[in-house]
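Here the structure is laid out as structure tokens; the discussion comes afterwards.
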Amino acid sequence: MRIGMGYDVHRLTDGRKLILCGVDIPYSQGLLGHSDADVALHALMDAMLGACALGDIGKHFPDTSDQYKDISSVFLLKETNRIIGEAGYSVSNTDITIVAQKPKLLPFIPQMAEVVANTLNIPLSDVNIKATTTEKLGFEGRMEGISAYAVCTVVGR
């Protein structure tokens, strides 16, 4: 068993959809990024790659490549799962924390967990997703951006 940790942050901006864990969240702003800027899945992918000592998402999906412009992070999560699988690993469980002052994410968490479980082909009971605020402190509290942390365990070899 190995453990990985991931972190990501993206700035909120007008004119973009807010996608978190592959779910389109109704909100007046979205996250700015080369792909769909899904901070939660980006943190998860980095945790998966880190657990397997395979680098990070920038190494595998560089933001300098037009191939990944506006791409779905669900697709990238599938690819990350394939990459770690080829290295002899599979995700055992994951825990994701999304940090955002707004919008309130509780109603969307069950759907987010389903997307992650289905994409990784693991039981729903092995996926935990939670959301928190920063009590209006920091860039998340000022509603300038959203961050996410992820931890996962992988098994194999």
Side-chain angles (χ1 to χ4, degrees), residues 3-51 56-81 84 91-154:
I3 299 169
M5 187 266 186
Y7 171 78
D8 196 32
V9 60
H10 284 278
R11 177 182 304 276
L12 282 163
T13 190
D14 294 330
R16 297 236 342 169
K17 288 184 175 184
L18 179 58
I19 309 291
L20 295 170
C21 287
V23 175
D24 189 345
I25 308 294
Y27 192 59
S28 60
Q29 293 184 302
L31 294 169
L32 183 62
H34 188 69
S35 65
D36 63 5
D38 185 332
V39 292
L41 292 187
H42 292 184
L44 175 56
M45 290 184 280
D46 270 347
M48 293 165 62
L49 292 166
D56 62 16
I57 61 174
K59 173 183 175 182
H60 295 275
F61 313 111
D63 64 4
T64 55
S65 172
D66 287 342
Q67 178 181 355
Y68 304 114
K69 179 77 174 137
D70 297 323
I71 197 164
S72 164
S73 293
V74 172
F75 174 80
L76 297 179
L77 181 62
K78 284 181 191 175
E79 284 297 297
T80 301
N81 205 35
I84 71 164
V91 173
S92 176
N93 78 306
T94 186
D95 185 24
I96 301 168
T97 302
I98 303 168
V99 185
Q101 194 65 41
K102 286 185 180 179
K104 293 297 182 191
L105 299 174
L106 184 62
F108 305 99
I109 287 176
Q111 186 181 356
M112 291 179 190
E114 284 183 29
V115 169
V116 171
N118 291 339
T119 304
L120 295 179
N121 197 29
I122 62 176
L124 186 59
S125 61
D126 291 337
V127 175
N128 190 62
I129 300 172
K130 48 198 184 299
T132 189
T133 70
T134 61
E135 301 296 328
K136 300 186 180 176
L137 298 172
F139 71 88
E140 298 104 335
R142 292 188 300 270
M143 295 177 283
E144 296 171 7
I146 294 175
S147 66
Y149 297 85
V151 178
C152 77
T153 56
V154 298

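Just so you know, these numbers use all the heavy atoms, side chains as well, and skip hydrogens, waters and symmetry mates.
If you take OG1 on Thr80 and NE2 on His42, they are separated by 9.0 Å, rounding to the nearest 0.5 Å. Note: Leu49 CG to Lys59 NZ = 8.5 Å, rounded to the nearest 0.5 Å. Here the straight-line distance linking atom CD1 of Ile146 with atom CG of Asp8 works out to 11.5 Å at 0.5 Å rounding. Note that CG of Asp38 and OG of Ser72 are 8.0 Å apart. Values are rounded to the nearest 0.5 Å.
Within a 6.0 Å sphere centred on CD of Gln29, other residues, nucleotides and ligands contribute more than 12 heavy atoms.
With contacts defined as side-chain heavy-atom distances shorter than 4.5 Å, the pair Ser35/Lys69 does not qualify. No side-chain heavy atom of Ile71 sits less than 4.5 Å from a side-chain heavy atom of Asp36. Side-chain contact between Gln101 and Glu140 is absent, with no heavy-atom pair separated by less than 4.5 Å. Looking at Tyr149 and Val99, their side chains come closer than 4.5 Å, going by heavy atoms from C-beta outward. Looking at Phe75 and Leu77, their side chains never come closer than 4.5 Å, going by heavy atoms from C-beta outward. A heavy-atom distance below 4.5 Å is not found between the side chains of Arg142 and Leu137.
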Which atom pairs, donor and acceptor, lie under 3.5 Å between side-chain atoms of residues 115-131 and protein residues at least two apart or in another chain?
unit_1 : atom_1 : unit_2 : atom_2 : d
Asn118 : ND2    : Glu114 : O      : 3.2
Thr119 : OG1    : Val115 : O      : 2.6
Asn128 : ND2    : Asp95  : OD1    : 2.8
Lys130 : NZ     : Asp95  : OD1    : 2.6
Lys130 : NZ     : Asp95  : OD2    : 2.8
Lys130 : NZ     : Thr97  : OG1    : 3.1

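Salt bridge present: Arg16 and Asp70 bring a charged side-chain N and a carboxylate O closer than 4.0 Å.
Using cut-offs of 30° and 60° for the angle between ring planes, the Phe61 and Tyr68 rings count as perpendicular.
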